[in-house]
Chemist: 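A single structure is presented below for examination.
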2 protein chains.
Amino acid sequence: MTPEPNILIVDDEAAIRDMIGIALDTAGFRSSTASTALDAHVNIIDQRPDLVLLDWMLPGGSGIELARRLKRDELTANIPIIMLTAKTSEDNKVQGLDVGVDDYVTKPFSPRELVARIKAVLRRSTGNLKDKPIRVFDLEMDPASHRVMVEDRAVEMGPTEYRLLNFFMTHPEKVYSRDHIQDQVWGANVYLEERTVDVHIGRLRKALSSASKTGINYSALIQTVRGAGYRFSTRHD
Amino acid sequence: MTPEPNILIVDDEAAIRDMIGIALDTAGFRSSTASTALDAHVNIIDQRPDLVLLDWMLPGGSGIELARRLKRDELTANIPIIMLTAKTSEDNKVQGLDVGVDDYVTKPFSPRELVARIKAVLRRSTGNLKDKPIRVFDLEMDPASHRVMVEDRAVEMGPTEYRLLNFFMTHPEKVYSRDHIQDQVWGANVYLEERTVDVHIGRLRKALSSASKTGINYSALIQTVRGAGYRFSTRHD
DNA sequence: ATGCAATATTACATTTTGATGACAAATGTT
DNA sequence: AACATTTGTCATCAAAATGTAATATTGCAT
């Protein structure tokens, strides 16, 4: 749900942490770091990252321990873990490290490979959340098929209008300022003219109002609240 | 799917890996190898072999661990596993059956026996699910004969387009991002240009649209969802 | 009604995105 | 080996989407 997934990098070498951090940054992820298993554990409990990159060669072999602990604990068990392993020393210690991590990347690795694997794992783990269709009268939004239907006929709209409507339908009956809408629909770190929201509201309304055959105007669901923002509501103003 | 099934051999002894590899080769299988549970797991995630030959006695007892995990994870649960066990101990079999392993072969074994068992397991596992034809209007996909028919005439397409169509027809009415499609059709962690998916979509559409005599354009079933991916759907956009 | 501020609408330049043909490398076939 | 097929990438074109500024309209207090 969060625009940018947050990834925790756990490695005792600062150089590697930095390198990975940069790679993730350019790939559009947020990241935080930890250099010890203890730090990592605290961070995971506090921040609940979307994924953990875990060096298994942490001093004291605690990387593997941490992985095991995380997977055992109900609270953290479904946070995906990707292990960073050194290819060289796999003989003796590697055994029994089969603790339920989601993927492995062997050092040295290319940033591209790392990012690709992170995306794959995230896709696997978050893709399972089944989005249920939301329906208001004869206006239906189905996230699975990525479709908006009015009276069972598809409604054409651009991606931004889709996200906008999705936000409204999942947050009905409340006013939101233009700022807030920007945060939710465009992402927190994007700056736009305030009026841009108006334009997209307009586009969404147009799409909705030209969709009904029965004369119901679904664009009326998106209400302007003068001086405050907009509201999606089934009740009249 | 693939003409020759791909089989992963997991054993820590190189001699055994080679021996089995040769046996499978002459029997017409493709094979790859791994010497540790870790390697094996990576390989399975990436390559999705059609079957795994797994040595029970991997150092550290991680063979059985790996099997358990593979069967627990939804993504890998239906990849058949044949365990290679050194002893004819009843304990092992009982424990392994628990895990959901598909068959056992006890060392020493003859190549002929091994191949026979592999074929049996493959027959069982592929015969169950995949063989039922899927039909949408006059577009029919028959996995058994590995053929696509439109109005009872065969449609020509490359293997990739076949897999692509197969994925779509088994996952209708949902959007999939290009990344997701790559995972499903090419295998996870294969790095391709995003646009490559577009090209194959194009090829598939072309194959489908030039197939109908009755004027129905089956390529319309594959819908572009701007900013999101593609969707196979019988409903209009 | 009037003026003003807030919102709606329009038009447009720019950027993104997707479709498609061409091509070369890889692969399979004869 | 010669040939055909399949594959992935790229360049190019067309279409769609986007953000902004200019202009029009609306709602509201007076």
Side-chain angles (χ1 to χ4, degrees), chain A residues 28 112 116 146 148 154-166 175-183 185-187 189-210 217 219-232 236-237, chain B residues 1-4 6 28 30 146 148 154-166 175-183 185-187 189-210 217 219-231 237:
Chain A
R112 179 196 287 182
H146 205 274
V148 177
V155 182
E156 300 269 321
M157 65 181 72
T160 306
E161 284 74 46
Y162 180 89
R163 272 179 283 133
L164 190 53
L165 180 59
N166 185 68
V175 214
Y176 293 97
S177 69
R178 289 174 175 74
D179 266 352
H180 199 276
I181 292 172
Q182 277 190 21
D183 281 358
V185 175
W186 276 265
N189 40 19
V190 184
Y191 183 74
L192 296 172
E193 285 300 319
E194 282 229 321
R195 295 280 139 241
T196 300
V197 176
D198 297 39
V199 173
H200 282 278
I201 291 272
R203 285 169 181 159
L204 176 55
R205 280 176 172 156
K206 194 156 127 193
L208 288 179
S209 59
S210 62
N217 186 358
S219 74
L221 293 169
I222 295 159
Q223 302 168 353
T224 303
V225 182
R226 202 149 231 272
Y230 296 95
R231 172 180 54 203
F232 184 88
H236 295 291
D237 303 79
Chain B
M1 204 159 275
T2 36
E4 299 126 17
N6 184 25
R30 284 179 298 130
H146 205 271
V148 177
V155 182
E156 298 277 315
M157 65 180 73
T160 306
E161 283 73 45
Y162 180 88
R163 271 179 285 137
L164 190 54
L165 181 59
N166 184 68
V175 220
Y176 293 96
S177 68
R178 290 173 175 75
D179 274 350
H180 209 289
I181 292 171
Q182 279 189 21
D183 279 2
V185 176
W186 278 265
N189 299 319
V190 180
Y191 184 75
L192 295 173
E193 284 301 316
E194 284 236 314
R195 296 277 145 245
T196 299
V197 176
D198 297 39
V199 173
H200 282 278
I201 291 272
R203 285 167 181 161
L204 176 55
R205 280 176 172 156
K206 196 157 129 191
L208 289 178
S209 59
S210 62
N217 187 359
S219 74
L221 294 169
I222 295 159
Q223 302 169 352
T224 303
V225 183
R226 218 152 222 276
Y230 295 95
R231 171 179 57 202
D237 300 85

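Throughout, a chain's letter reflects where its sequence line sits, starting with A, and its residues are numbered from 1. All heavy atoms count here, side chains included; hydrogens, waters and symmetry mates do not.
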Chemist: Applying salt bridge (Lys or Arg N to Asp or Glu O under 4.0 Å), can you list everything that pairs with A:Arg195, at least two apart in sequence or on another chain?
Modeler: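 Per chain and number, A:Arg195 pairs via salt bridge (Lys or Arg N to Asp or Glu O under 4.0 Å) with A:Asp198.
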Chemist: Once side-chain hydrogen bond (donor to acceptor under 3.5 Å, both in side chains) is applied, do any residues pair with B:Ser177, and if so which ones, sequence neighbours excluded?
Modeler: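 side-chain hydrogen bond (donor to acceptor under 3.5 Å, both in side chains) check on B:Ser177 returns nothing, list empty.
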Chemist: Using five base pairs at each end to define the local axes, how bent is the helix from C:dA1-D:dT30 to C:dT30-D:dA1, to the nearest 10°?
Modeler: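 Comparing the axis at each end, I get an angle of 30°.
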Chemist: In this structure, how many angstroms lie between the C1' atom of D:dG8 and the CD1 atom of B:Ile201, rounded?
Modeler: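 My rounded result for the distance is 15 Å.
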Chemist: Whole angstrom is fine here: how far is it from CG in A:Asp198 over to P in D:dA24?
Modeler: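 So the two atoms are 18 Å apart, to the nearest Å.
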Chemist: Mind calculating the distance between CG (B:Leu204) and C1' (D:dT7) to the nearest angstrom?
Modeler: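 Rounded to whole Å, this separation is 15 Å.
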Chemist: Which residues satisfy the side chain to side chain contact (heavy atoms under 4.5 Å, CB included) test with B:Val199, sequence neighbours excluded?
Modeler: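 Result, side chain to side chain contact (heavy atoms under 4.5 Å, CB included) vs B:Val199: B:Arg203.
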Chemist: List the atom pairs, donor and acceptor, that lie under 3.5 Å between side-chain atoms in residues 154-163 of chain A and the rest of the protein, sequence neighbours left out.
Modeler:
residue  : atom : partner  : partner atom : Å
A:Thr160 : OG1  : A:Arg163 : NH2          : 3.2
A:Glu161 : OE1  : A:Gly158 : N            : 3.2
A:Glu161 : OE2  : A:His200 : ND1          : 2.4
A:Arg163 : NH1  : A:Val185 : O            : 2.6

Chemist: Indicate yes or no: at least one non-hydrogen side-chain atom of B:Leu208 is less than 4.5 angstrom from one of B:Leu221.
Modeler: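 Of all side-chain heavy-atom pairs linking B:Leu221 with B:Leu208, none is under 4.5 Å.
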Chemist: Identify, with sequence neighbours excluded, every residue that meets side chain to side chain contact (heavy atoms under 4.5 Å, CB included) alongside B:Glu193.
Modeler: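 Partners of B:Glu193 under the side chain to side chain contact (heavy atoms under 4.5 Å, CB included) test: B:Tyr191, B:Thr196.
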Chemist: Can you check the B:Arg205 CZ to C:dT20 C1' distance for me, whole Å?
Modeler: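 After rounding, the reported distance stands at 11 Å.
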Chemist: Would you please name every residue forming a side-chain hydrogen bond (donor to acceptor under 3.5 Å, both in side chains) with B:Thr224, sequence neighbours left out?
Modeler: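 Residues passing side-chain hydrogen bond (donor to acceptor under 3.5 Å, both in side chains) with B:Thr224: B:Arg205.
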Chemist: Just the rounded figure in Å: distance from C1' of C:dA19 to CD1 of B:Ile222.
Modeler: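 So the CD1-C1' distance, B:Ile222 to C:dA19, works out to 14 Å.
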Chemist: Scan B:Tyr230 against the nucleic acid and name what it touches under 4.0 Å (heavy atoms): base, sugar-phosphate only, or nothing.
Modeler: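 Contact class for B:Tyr230: sugar-phosphate only.
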Chemist: Check the interface with nucleotides 14-21 of chain D: list each N/O to N/O pair with the protein under 3.5 Å, or write none.
Modeler:
residue : atom : partner  : partner atom : Å
D:dT18  : OP1  : A:Thr160 : N            : 3.1
D:dT18  : OP1  : A:Thr160 : OG1          : 2.4
D:dT18  : OP2  : A:Thr160 : OG1          : 3.3
D:dT18  : O5'  : A:Thr160 : OG1          : 3.3
D:dG19  : OP1  : A:Trp186 : NE1          : 3.0
D:dG19  : OP2  : A:Trp186 : NE1          : 3.2
D:dG19  : OP2  : A:His200 : NE2          : 2.9
D:dG19  : N7   : A:Arg203 : NH1          : 3.4
D:dG19  : O6   : A:Arg203 : NH2          : 2.6
D:dT20  : OP2  : A:Glu193 : N            : 3.0
D:dT20  : OP2  : A:Thr196 : OG1          : 2.8

Chemist: Within this structure, what is the NZ-to-C1' distance between B:Lys206 and D:dT6, rounded to whole angstrom?
Modeler: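 To the nearest whole Å, that distance equals 13 Å.
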Chemist: Whole-Å distance between C:dT7 P and A:Arg231 CZ?
Modeler: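 After rounding, the gap between these two atoms is 13 Å.
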Chemist: May I ask you to test the B:Ile222-B:Leu204 pair for a side-chain heavy-atom distance under 4.5 Å?
Modeler: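 Yes, close enough: below the 4.5 Å cut-off.
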Chemist: So, using side-chain hydrogen bond (donor to acceptor under 3.5 Å, both in side chains) as the criterion, who are the partners of A:Asp179 when residues are at least two apart?
Modeler: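 Residues passing side-chain hydrogen bond (donor to acceptor under 3.5 Å, both in side chains) with A:Asp179: none at all.
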